[in-house]
Protein chains: 2
Amino acid sequence: MKILLVEDEHKIAHSIKQGLEQEHFVVDIAYDGKTGYDLASEGLYDVLILDRLLPGLDGVAICQQLREEGKHTPILMLTAKTQVQDKVEGLLAGADDYLTKPFAFEELLARVKALTRRPSGMTRHRLEVVDLSLDTDTFDVVRSGKRIVLSAKEFALLEYMMRHHNKIVSKEQIISHVWNYDADILPNTVEVFIGYLRAKIDRPFPKEKPLIHTIRGFGYKIGEKE
Amino acid sequence: MKILLVEDEHKIAHSIKQGLEQEHFVVDIAYDGKTGYDLASEGLYDVLILDRLLPGLDGVAICQQLREEGKHTPILMLTAKTQVQDKVEGLLAGADDYLTKPFAFEELLARVKALTRRPSGMTRHRLEVVDLSLDTDTFDVVRSGKRIVLSAKEFALLEYMMRHHNKIVSKEQIISHVWNYDADILPNTVEVFIGYLRAKIDRPFPKEKPLIHTIRGFGYKIGEKE
DNA sequence: CAATTTGCTGAAAATCTCCTGAAAATGTTT
DNA sequence: AAACATTTTCAGGAGATTTTCAGCAAATTG
């Protein structure tokens, strides 16, 4: 789960980033509206957190522009003011939720989670593929009743693949969704992590069919067949 | 938005119909598989909701048949059991989503909405020529309901030809579009790959007319006639 | 009907992709 | 700072794909 945080106050930005990373989100920061907009429009993020007041392009403007382009990434808007006026403006611009500063981190977290959950229906924090399940709330990963312990990156990779089960995902897609945008990662790194996942979720279950498949020349796929 | 609901239990069918109508969907009901299939194949519906277990033709069978005919109306499958086997079977048959009974109506609604949303949100990347279809998103290639596995270059070549179906494409055009601009490729390489494609998409279907045609002196063409 | 061109095909050669063990770099805990 | 875990790069090799080559068949030309 990748989040873009657009916030000009470095201190606040970093503390939020850190908090979200402890919750296993991948977080990129943009310190001004322009770069924020540029990054957001690539469409690689699952949630955007926009500050209402920003140097250059402000939160509402970014929001509006993205919506006009047909992008509907969930947006959480942060604002200093409590004014009803602001809230209305933000929602009109296309924001999905609103949070007034100062706020408790827990509150931010709750709303971000609500936004990430929304597209897949009601309360859904569990991904399942055949006999493998992954819980994005508790970070439990279980196959055939057995608990599996994963590292942060392994978890992020598996989550991404499970969100796209039965679809082929290329190494490039994986890199841009699972790693930060400024990370300079070789395709081989993905291969290595696929290897780690196989060692943990396929090899220990020789009775079951393997779930991770490589489609040579295209990428990888998680699912039962092929 | 028009929905076809194929469900033999009248009570359930009506309560679902009523709920969806409150959400401004237009809902038709078929109480058995045969009529369900007949109605569905007219292609007038935006979403199909199929019960897994039906008198006569069951949900999976309907699903399979429709897909083989190249119809890709989004399908939501309802199944009584939680069995992994069932889910897999349904998805293999070509369902887009499934829901296990009993379910909360809200959940059904959420999924139906998700299915109706998809076409507007994401453009279906599917190319079709007669009974051959190629999905540039999932990389699935299917002819007459049969999956065809292609290598990366074969896929790229077929994609290019299908984007220009019924048009003649020269070997030079193919080279410059399917290979990198700096690749130094002999025309014969294209001939070889055309051979590979024929072996995979024409030869295994002797009952159908071949789709790949050589126009001596000019190039190749993909399409029904000539 | 020869002579030439164009395309097909089997098989060899060249190249590329992916996997893996291990080392290096980075991060975390104690 | 040491011990440990995680992330990332590197290098070698197995196997699949891509590309070339060479001989043959079919069409075209004169």
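- For the salt bridge (charged side-chain N to carboxylate O under 4.0 Å, His left out) test with Asp131(B), the passing option among Lys146(B), Lys207(B), Arg143(B), Lys209(B) is Arg143(B); the others fail.
- Atoms CZ (Phe155(B)) and C1' (dT18(D)) sit 18 Å apart, rounded to a whole Å.
- Dashed line: the shortest gap from a side-chain N or O of Trp179(B) to OP1 or OP2 of dT19(D) is under 4.0 Å.
- With pairs defined as Watson-Crick or G-U wobble and both atom distances under 3.5 Å, the stems of at least three pairs that touch DNA chain D come out as C:1-30 with D:1-30.
- With a 6.0 Å radius and a threshold of 12 heavy atoms from other residues, nucleotides or ligands, His164(A) has its NE2 atom above the threshold.
- Within a heavy-atom distance below 4.0 Å of DNA chain D, the residues of residues 190-199 of chain A found are Val192(A), Phe193(A), Tyr196(A).
- Between Thr189(A) and dT7(D), a side-chain N or O to OP1/OP2 separation shorter than 4.0 Å is absent.
- One can place CD of Glu21(A) at 14 Å from C1' of dT28(C), the figure rounded to the nearest angstrom.
- For the pair Thr214(B) and dC8(C), the criterion of a side-chain N or O lying under 4.0 Å from OP1 or OP2 is met.
- The NZ atom of Lys153(A) sits 12 Å away from the C1' atom of dT26(C) (whole-angstrom rounding).
- The nearest whole Å value for the distance from the CD1 atom in Ile174(A) to the P atom in dT8(D) is 14 Å.
- Rounding to the nearest 0.5 Å places CZ of Arg163(B) at 5.5 Å from OG1 of Thr136(B).
- Arg203(A) has its CZ atom 7 Å from the P atom of dG21(C), to the nearest Å.
- Counted within 6.0 Å of CZ on Phe218(B), heavy atoms from surrounding residues, nucleotides or ligands total 12 or fewer; the atom is thus considered open.
- Contact annotation: side chain of Asn188(A) to base of dC10(D), donor-acceptor pair present below 3.5 Å.
- A side-chain donor from one of Thr35(A) and Asp32(A) sits under 3.5 Å from a side-chain acceptor of the other.
- Checked against side-chain hydrogen bond (donor to acceptor under 3.5 Å, both in side chains), Tyr220(B) has no partners two or more places apart in sequence or in another chain.
- Put simply, Lys171(A) has a side-chain N or O that comes within less than 4.0 Å of OP1 or OP2 on dC18(C).
- In the displayed structure, Gln18(A) atom CD is contacted under 6.0 Å by at most 12 heavy atoms of other residues, nucleotides or ligands.
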Please report the C-alpha distance between Val190(B) and Ile175(B) in whole Å, then the side-chain angles of each, then the deciding distance to 0.1 Å, and finally whether the side chain to side chain contact (heavy atoms under 4.5 Å, CB included) criterion is met.
CA-CA 7 Å; Val190(B) 177; Ile175(B) 290 174; 3.6 Å; yes
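- For the pair Arg216(B) CZ and dT5(C) C1', the interatomic distance rounds to 7 Å; values are reported in whole Å.
- Other residues, nucleotides and ligands place more than 12 heavy atoms under 6.0 Å from the NZ atom of Lys153(A).
- Across the protein-nucleic acid pair, Ile185(A) atom CD1 and dT26(C) atom P stand 12 Å apart, rounded to whole Å.
- For Leu186(B) and dT9(C), the CG to P distance is 18 Å, given to the nearest whole Å.
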